[in-house]
Amino acid sequence: MGTVFTIAAPRGYRLKRDVCSYGYFLLAPNRWDPRSGTLSRTLDLPGGVAEVTIAQEGRSPRLTLAAGGRLSRADRAAAEGLVRRMLSLDDGSIGRFHRLDPRWKRSGRGRLFRSPTFFEDVVKTVTSCNVAWPSTMIMNARLCEVVNPAFPSAGQLARKRPSMLRARCRVGYRDRRLVELAGLVASGEVDGAWFEDRSNSDDEVFEALRGLPGIGPYSAANIMQLLGRFSRLPVDTESVRHGRAVLGMAGPSREIERRLHAHYEPFGDQKFRSYWFELWEFYESRHGPAWEWEATSTGRLFTAAKLNA
DNA sequence: GGTAGACCTGGACGC
DNA sequence: GCGTCCAGGTCTACC
């Protein structure tokens with residue numbers, strides 16, 4: 001017998017628009033169903049792992065969470081907390097973003113999809129570096145198949161041998177960095193709560209992220225936005241393509257990277273969202289609305305490497 | 001502080 | 001088929 005309950009969504013929240021706003025909605029264990037417009041995934045709850053499906057009826061101010069098994073009160077509270085983080089339901093800065101960049105006010109874009117935990121966001125970012133998107137999808141799927149269907153916890157990953165992760169999860173040279181990273185989080189030496197704490201400055205958080213194994217300037221800036229801090233630009237090869245193809249910039253990559261930072265500077269502490277929704281709009285102009293993408297077809301092909309195909 | 005080269009993997013591409 | 005290149009970077013050694 002399953003459990004069904006509802007949670008409050010902020011005014012103007014749209015599940016399909018706001019889940020399908022960042023590529024991680026296509027990575028395991030997340031499963032977006034374009035036909036039903038629902039998001040499913042396995043979650044780690046106090047009572048064990050549970051399969052949860054999130055739905056929104058029309059423009060209802062409440063989201064429905066349906067679990068396959070019976071959930072205790074503690075399980076429901078934990079599930080709500082994890083879902084609130086994934087869906088960025090507590091992001092109170094959408095109005096500020098729209099005042100700084102009114103282009104997105106009409107569509108209501110502003111919230112970005114992320115993971116239920118800081119650690120999962122860090123691992124997903126590491127698995128997206130120096131690799132084509134389909135390989136990122138494979139790595140995340142294997143981590144769930146081999147280690148934990150709800151996504152490996154830091155403790156679980158810290159206990160794995162790097163050689164096993166490389167062989168079975170296809171993470172390549174990222175093997176040692178992932179185990180080391182997991183060990184730091186599992187031991188408490190790296191405290192996820194500190195990174196989530198809004199009283200710490202963006203500069204402090206960015207520098208702390210830069211000190212983590214496998215985290216360079218791109219990854220640190222990307223994890224910043226996943227923490228709800230939008231003051232940094234994770235400039236990568238996608239950004240350079242965007243600068244050339246959409247913004248009309250010319251010159252060597254180094255020069256375009258410099259100009260991109262200057263271009264988005266007027267958007268201040270919201271510059272990542274201005275940049276990202278431009279990029280996302282470009283993807284959707286080529287492939288249709290993201291909430292219609294199938295993970296096994298369009299979801300594998302939407303990045304720049306495939307755009308000329 | 002700046003730069004070259006190595007690093008897993010898998011898919012695209014040219015032959 | 002098969003070899004080469006490179007993708008939503010990072011790290012180290014070297015200058």
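Chain identifiers are assigned alphabetically (A, B, ...) following the order of the sequence lines, protein sequences preceding nucleic acid strands; residue numbering begins at 1 within each chain.
- Heavy-atom nearest nucleotides on DNA chain C were determined for A:V131 and for A:R177, and the one closer to the 5' end corresponds to A:V131.
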N/O-N/O pairs, protein side and nucleotides 13-15 of chain C side, under 3.5 Å:
none

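- C:dT4 and B:dA6 have their P atoms separated by 15 Å, with the value rounded to a whole Å.
- Contact check, A:S219 against C:dT10: a side-chain N or O comes under 4.0 Å of OP1 or OP2.
- Under a cut-off of 6.0 angstrom, the local environment of CZ in A:R70 is sparse, with at most 12 non-hydrogen atoms contributed by other residues, nucleotides or ligands.
- Considering all non-hydrogen atoms of both residues, A:W104 and A:F97 come closest at CD1-CZ, 3.3 Å.
- One can place CZ of A:R244 at 14 Å from P of C:dG8, the figure rounded to the nearest angstrom.
- In this entry the distance linking CG of A:N130 with P of B:dC8 reads 11 Å, nearest Å.
- Pairing for B:dC8 is absent, judged as Watson-Crick or G-U wobble with the two contacts each under 3.5 Å.
- The aromatic ring centres of A:F113 and A:Y24 sit 6.0 Å or more apart.
- Side chains of A:S153 and A:Q156: a donor on one and an acceptor on the other come within 3.5 Å.
- Each of C:dG8, C:dT10, B:dG10 was ranked by its minimum atom distance to the side chain of A:P217; first place goes to C:dT10.
- Between C:dG9 and A:T237, a contact under 4.0 Å exists linking OP1 or OP2 to a side-chain N or O.
- One interatomic measurement links the two molecules: CZ of A:R174 to C1' of B:dC7, which rounds to 9 Å at whole-angstrom precision.
- Base pairing analysis places C:dG8 opposite nothing; no Watson-Crick or G-U wobble pair with both distances below 3.5 Å involves it.
- Rounded to a whole Å, the OH atom of A:Y22 is 12 Å from the P atom of C:dG8.
- If you check every strand for non-hydrogen atoms under 4.0 Å, A:T136 touches nothing.
- Atom-to-atom, CG of A:L212 to P of C:dG9 comes out at 19 Å; the value is rounded to the nearest Å.
- Side-chain atoms of A:H98 come within 3.5 Å of backbone N or O of A:R109 as a donor-acceptor pair.
- Residue A:R254 is in sugar-phosphate contact alone, with no base atom involved, counting any heavy-atom pair closer than 4.0 Å across all strands shown.
- Interface remark: the A:R166 side chain does not form any donor-acceptor pair with the B:dC8 base, using a distance-only criterion of under 3.5 Å.
- The nearest heavy atom of DNA chain C to A:Q225 and to A:P213 marks one nucleotide each, and the one closer to the 5' end goes with A:Q225.
- Judged purely by atom type and a 3.5 angstrom limit, A:K271 uses its side chain to pair as donor or acceptor with the backbone of A:S231.
- Separating the CZ atom of A:R300 from the C1' atom of B:dA12 is a distance of 13 Å, rounded to the nearest angstrom.
- At the heavy-atom level, A:Y24 lies nowhere under 4.0 Å from the strands shown.
- Rounding to whole angstrom units, CG of residue A:L181 and C1' of C:dG9 are separated by 15 Å.
- Taking atom P in both B:dC8 and C:dC2, the straight-line distance is 24 Å, to the nearest Å.
- If you take CZ of A:R170 and C1' of B:dC8, they are 9 Å apart, rounded to a whole angstrom.
- A donor-acceptor pair under 3.5 Å is formed between the side chain of A:Q56 and the backbone N or O of A:Y13.
- A donor-acceptor contact shorter than 3.5 Å is absent between the side chain of A:R300 and the backbone of A:P134.
- The gap from the C1' atom of C:dC5 to that of B:dG5 amounts to 16 Å, rounded to the nearest Å.
- Among the heavy atoms of the strands, none lies under 4.0 Å from A:P234.
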